[in-house]
Amino acid sequence: VFEDIMKIDDRGMQGILKEVNSDELILALKTSSEALKEKVFANMSERAALMMKEDLEAMGPVRLSDVEQAQQSILRVVKRLEEEGKIVLAGGGEELV
């Protein structure tokens with residue numbers, strides 16, 4: 001599920017943010033927990049995070065199906081990056097040493 005991206009380390013999160021469309025990310029974050037939003041914002045430049053927060057606050061009501069579609073699109077990117085070995089989901093496989 002979308003909230004599982006909380007388990008991704010900061011380096012992995014930055015890799016995901018490079019691959020994801022910012023409009024899609026804003027839409028996906030619409031129903032996300034504050035903790036997840038803060039994790040995403042912490043892995044962006046201060047200016048980019050501020051702009052995204054403003055866009056999120058200015059966004060009016062959106063259909064839940066649109067939010068879920070954006071979240072699924074981002075999860076597809078996460079799965080692809082994981083398969084390519086570019087990111088590691090915590091608790092998602094081998095133990096790291």
Side-chain angles (χ1 to χ4, degrees):
V1 295
F2 190 67
E3 290 287 325
D4 283 348
I5 64 174
M6 282 287 296
K7 298 175 185 171
I8 298 170
D9 66 3
D10 288 346
R11 188 179 195 147
M13 183 65 77
Q14 291 163 11
I16 292 165
L17 293 174
K18 287 179 187 166
E19 302 264 339
V20 172
N21 175 316
S22 61
D23 291 336
E24 199 167 51
L25 181 60
I26 291 167
L27 189 56
L29 290 174
K30 183 79 173 165
T31 61
S32 298
S33 67
E34 284 303 312
L36 179 55
K37 290 176 188 172
E38 287 307 313
K39 179 160 180 91
V40 169
F41 297 146
N43 283 287
M44 305 175 128
S45 70
E46 219 173 294
R47 186 169 164 266
L50 182 63
M51 287 173 50
M52 188 163 283
K53 286 178 186 178
E54 288 173 358
D55 289 347
L56 198 54
E57 288 173 17
M59 182 185 286
V62 292
R63 292 195 319 249
L64 184 59
S65 60
D66 291 342
V67 173
E68 290 170 346
Q69 190 174 357
Q71 290 177 345
Q72 290 305 312
S73 176
I74 291 170
L75 286 175
R76 281 192 293 276
V77 171
V78 171
K79 286 179 183 148
R80 178 176 51 80
L81 291 174
E82 184 182 28
E83 287 169 4
E84 292 172 1
K86 293 182 179 175
I87 63 170
V88 176
L89 289 172
E94 299 177 38
E95 185 177 334
L96 301 177
V97 289

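Predicted model, so just to flag it, every value in this text is computed and none were measured.
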Undergrad: Is it the case that the side chain of Gln71 and the backbone of Ala28 share a donor-acceptor pair, with hydrogens and angles ignored and the cut-off at 3.5 Å?
TA: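 Yes, Gln71 side chain to Ala28 backbone: donor-acceptor pair under 3.5 Å.
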Undergrad: Work out which heavy atom in Met52 is nearest to a heavy atom in Ile26; give both atom names and the distance.
TA: CG-CG1, 3.5 Å
Undergrad: In terms of hydrophobic clustering (I, L, V, M, F, W, Y; side-chain heavy atoms under 4.5 Å; direct or indirect links), are Met59 and Leu50 co-clustered?
TA: no
Undergrad: Do other residues, nucleotides or ligands put more than 12 heavy atoms under 6.0 Å from Gln69 CD?
TA: no
Undergrad: What's the separation between atom CD1 in Ile87 and atom CD1 in Ile16, rounded to the nearest 0.5 Å?
TA: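 Result: 4.0 Å between the selected atoms.
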Undergrad: How many angstroms lie between CD in Glu24 and CG in Leu27, if you round to the nearest 0.5 Å?
TA: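 Those atoms lie 8.0 Å apart.
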Undergrad: Report yes if the side chains of Leu25 and Met44 come closer than 4.5 Å at any heavy-atom pair, otherwise no.
TA: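 A side-chain contact exists here, since the closest heavy-atom pair is under 4.5 Å.
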Undergrad: A side-chain contact here means heavy atoms from C-beta on lying under 4.5 Å apart; do Phe2 and Thr31 qualify?
TA: no
Undergrad: Hey, does the side chain of Lys53 reach the backbone of Phe41 with a donor-acceptor pair shorter than 3.5 angstrom?
TA: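 No, Lys53 side chain to Phe41 backbone: no donor-acceptor pair under 3.5 Å.
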Undergrad: Is it possible for you to say whether Leu56 and Met51 belong to one hydrophobic cluster, with membership spreading through side-chain heavy-atom contacts below 4.5 Å?
TA: no
Undergrad: Salt bridge (Lys or Arg N to Asp or Glu O under 4.0 Å) between Lys79 and Glu82: does it pass, once the steps are laid out?
TA: CA-CA 5 Å; Lys79 286 179 183 148; Glu82 184 182 28; over 6 Å; no
Undergrad: If you measure from CE on Met6 to CG on Leu36, what distance do you get to the nearest 0.5 Å?
TA: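 The CG atom of Leu36 is 6.0 Å from CE of Met6, to the nearest 0.5 Å.
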Undergrad: Give me the atom names and distance for the closest heavy-atom approach of Leu29 to Lys37.
TA: O-CE, 3.0 Å
Undergrad: Nearest heavy-atom pair of Asp23 and Asn21: which atoms, and what distance?
TA: N-OD1, 2.7 Å
Undergrad: Given Ile8, which partner from the list Asp10, Asp4, Ile5 fulfils the side chain to side chain contact (heavy atoms under 4.5 Å, CB included) test?
TA: Ile5
Undergrad: Under a 4.5 Å cut-off applied to non-hydrogen side-chain atoms, are Asp9 and Val88 in contact?
TA: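 The answer is no, as the side chains (C-beta and beyond) never meet within the 4.5 Å cut-off.
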Undergrad: Inspect the contact between Arg80 and Glu84 and indicate whether a charged nitrogen and a carboxylate oxygen are less than 4.0 angstrom apart.
TA: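 So Glu84 pairs with Arg80 through a salt bridge.
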Undergrad: Could you give the distance from NZ (Lys86) to NZ (Lys18), rounded to the nearest 0.5 Å?
TA: 10.0 Å
Undergrad: Is it true that a side-chain atom of Glu3 and a backbone atom of Ser33 form a donor plus acceptor pair closer than 3.5 Å?
TA: yes
